[in-house]
Amino acid sequence: MFIFQKKYFVALASIFLICCMFLFYIVFLYKDKKVDLLCLPLLPVEKNEEETESYFAYDISELYDGNPWKEEWNIETLPVFYNTELKNRTQKDKEAKSRIQYKREFLEQVAKKFGVTKKDSIIYDTWNIFLESKAYSFQMNLYQDVLCIKLKEPITLPFSYEPERKEQAEKAISYFMDTYKDYFDWKEAEKALSCWYDVYGKKYFSLYAYENGDTLEEKLLQYHFNRAYFKMGEKNELKAIFFRKTDLSEKIGEYPIITTEQAKQLLYSQKYSSVSGNTFLQNMTLVKTELVYKDSIYDSIFMPCYKFFVQLPEEKENGLRHYDVYYIPAIQEQYLKFD
C-alpha cells in the first residue's frame with residue numbers, strides 16, 4: 001500500500017511539474033515573443049518612380065537569375081533593415097566623415113586581398129573614393145555599396161568561352177569563384193547565373209556569384225547583399241568585378257511573412273507596387289514567382305517581397321514575349337503602412 005501511494009505521489013508530482021513548465025512557456029516565453037511582435041514598427045510600402053523593370057524572352061523558363069529561394073522553403077520570419085546608404089546621404093558632417101572612413105577601410109581591406117597596399121594613393125572627389133595601382137583601379141561611390149574593381153590587363157579564360165552558351169557561362173563563373181572567393185572572404189561561393197534578352201531578341205548571360213549561407217535565411221540575404229558580378233569584355237576577357245557588400249547593421253526587426261498564395265490574393269486586390277506603369281488586371285497570366293529583397297538605392301528599407309512575373313498579351317514580331325513584374329510585400333499586412 002505504501003509503495004502504491006509513493007508511486008502515485010511521484011506520478012502526480014511529475015504531472016504538476018510538466019504543467020508548471022508549460023505555464024512558464026505560455027506566460028513568459030510566448031508572451032515575450034508576442035510582445036516583440038507588437039513592438040515592431042510599421043513599415044512603409046514605397047513606390048519608387050525612378051525605377052523601371054520589365055523583361056523579354058521567348059518563354060518564361062528562359063528568365064532566371066540564380067535566386068536560391070524555393071516555394072517549399074518553410075520560413076516564418078525574415079529580417080528587415082534600414083538602407084544605411086540612403087539614410088547617410090542626409091547625415092550631419094561629423095557622421096558623414098565617419099561614413100567616409102568606413103568606406104576607406106572597406107576599400108583598403110579588399111585592395112589588400114588583391115595585393116594592393118598603397119594607402120597614400122587613395123583620393124576622393126565629391127561622390128567617390130579611388131585607389132589606383134599598376135594592375136587595378138578601385139572605385140566606390142561614397143553613398144552606394146558596390147566596389148568596382150577594373151582590371152588594367154584583362155584576364156583571358158584558360159578555356160574556350162562562347163558567351164551565348166549556358167554551360168560555358170556556368171564554367172566561367174566556377175572559374176572566377178575559385179579564383180576570387182578568398183579575395184572577398186567567402187568561405188563557400190555559389191553560382192548565380194542570370195539569363196535575359198534585349199528587345200531585339202538577343203540573349204545574354206550575366207555572371208554572378210555570392211557567398212553561400214548555412215541557413216535558408218542566410219542564403220537569401222547573401223544572394224542579395226554579398227555578391228559579385230564578373231563583367232566580360234568584347235574579346236571574352238574579364239574586364240571588371242563589381243563587388244557588393246551591403247551594410248546590414250541597422251536591423252529593424254524580424255517580421256512574420258505571408259505565403260505565396262496570400263500574396264497572390266493581395267495582388268488581385270490591387271495591393272501591389274509596380275515599376276512598369278501598367279495596371280494589373282484580373283485576366284493577366286501569372287507565370288513566375290520569386291521571394292526577393294527590394295534592395296535598390298532608392299529603397300529606404302530592405303524588405304522581403306514576392307515578385308510576380310506577369311505575361312502581357314501582345315507578342316512582338318520576332319516572337320518575344322513581354323513580362324511585367326509586380327511586387328507584394330512578404331510581411332504580414334498589419335505591419336505595413338501604405339501610402
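We count residues from 1, following the sequence as given.
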Residues Glu105 and Gln109: side-chain donor-acceptor under 3.5 angstrom: no

Taking the side chain as everything from C-beta on, heavy atoms only, tell me whether Asn141 gets closer than 4.5 Å to Glu85. no

For Tyr293 and Phe302, I'd like to know if the aromatic rings sit close, meaning centre-to-centre distance below 6.0 Å. no

Can you get from Val310 to Val199 by hopping between Ile, Leu, Val, Met, Phe, Trp and Tyr side chains that sit under 4.5 Å apart? no

Tell me the salt bridge (charged side-chain N to carboxylate O under 4.0 Å, His left out) pairs involving residues 132-141, sequence neighbours left out? Glu132-Lys152

Kindly write out the residues that satisfy ring pair (Phe, Tyr, Trp, His ring centres under 6.0 Å) with Tyr58, not counting sequence neighbours, or none if the list is empty. Tyr197

Drop me the distance from Ser54's OG to Leu312's CG, to the nearest 0.5 angstrom. 8.5 Å

For the CD atom of Glu333 and the CD1 atom of Ile331, what is their distance to the nearest 0.5 Å? 12.0 Å

With Thr179, which residues qualify under side chain to side chain contact (heavy atoms under 4.5 Å, CB included), at least two apart? Tyr175

Please confirm whether the backbone N or O of Glu62 pairs with a side-chain atom of Asp59, one donor and one acceptor, at under 3.5 Å? no

Answer whether the closest heavy-atom distance between the side chains of Ile297 and Tyr143 falls below 4.5 Å. no

Report yes if the distance between the aromatic ring centroids of Phe114 and Tyr183 is under 6.0 Å, otherwise no. yes

Do Trp73 and Pro68 touch side chain to side chain, with heavy atoms closer than 4.5 Å? yes

Tyr161 side chain to Ala172 backbone, donor-acceptor under 3.5 Å: no

Ion pair check, Asp185 and Lys113, cut-off under 4.0 Å: yes

For Lys150, is the NZ atom crowded, meaning more than 12 foreign heavy atoms sit under 6.0 Å from it? no

Using a 3.5 Å distance criterion without hydrogens, assess whether the side chain of Gln168 forms a donor-acceptor pair with backbone atoms of Arg165. no

Donor-acceptor contact present, side-chain Glu170 to main-chain Glu167, <3.5 Å: no

One thing to verify: whether Lys103 and Asp247 come together as a salt bridge, which I'm taking to mean a side-chain N less than 4.0 angstrom from a carboxylate O. no

Distance from Ile173 atom CD1 to Asp178 atom CG, nearest 0.5 Å? 12.0 Å

For Tyr255 together with Tyr335, are the ring centres under 6.0 Å from each other? yes

Of all residues at least two apart in sequence or in a different chain, which pass the ring pair (Phe, Tyr, Trp, His ring centres under 6.0 Å) check with Tyr204? Trp196

Lys239 atom NZ, over 12 foreign heavy atoms within 6.0 Å: no

Under 6.0 Å between ring centres: does that hold for Phe130 and Tyr124? no

Are Lys245 and Phe106 in a cation-pi setup, meaning NZ or CZ lies under 6.0 angstrom from the ring centre and within 45 degrees of the ring axis? no

Taking Lys219's backbone N and O only, do any of them form a donor-acceptor pair with Asn212's side chain (distance below 3.5 Å, no angle check)? no

Donor-acceptor check, side chain of Ser296 to backbone of Tyr298, threshold 3.5 angstrom: yes or no? yes

Taking side chain as C-beta onward, heavy atoms only, is Phe309 less than 4.5 Å from Thr289? no

Look only at the side chain of Lys288 and the backbone of Leu63, and say whether a donor-acceptor pair between them is shorter than 3.5 Å. yes

Residues forming a ring pair (Phe, Tyr, Trp, His ring centres under 6.0 Å) with Phe184, sequence neighbours excluded: Trp186, Phe243

Would Glu53 and Lys307 pass as an ion pair if we require N to O under 4.0 Å? yes

Those residues at least two apart in sequence (or on a different chain) that pass ring pair (Phe, Tyr, Trp, His ring centres under 6.0 Å) with Tyr223 are Tyr210

Taking C-beta and beyond as the side chain, do His322 and Asp324 meet within less than 4.5 Å on heavy atoms? yes

Between the side chains of Arg104 and Glu108, is the shortest nitrogen-to-carboxylate-oxygen separation below 4.0 Å, so that they form an ion pair? yes

Between the side chains of Lys235 and Glu237, is the shortest nitrogen-to-carboxylate-oxygen separation below 4.0 Å, so that they form an ion pair? no

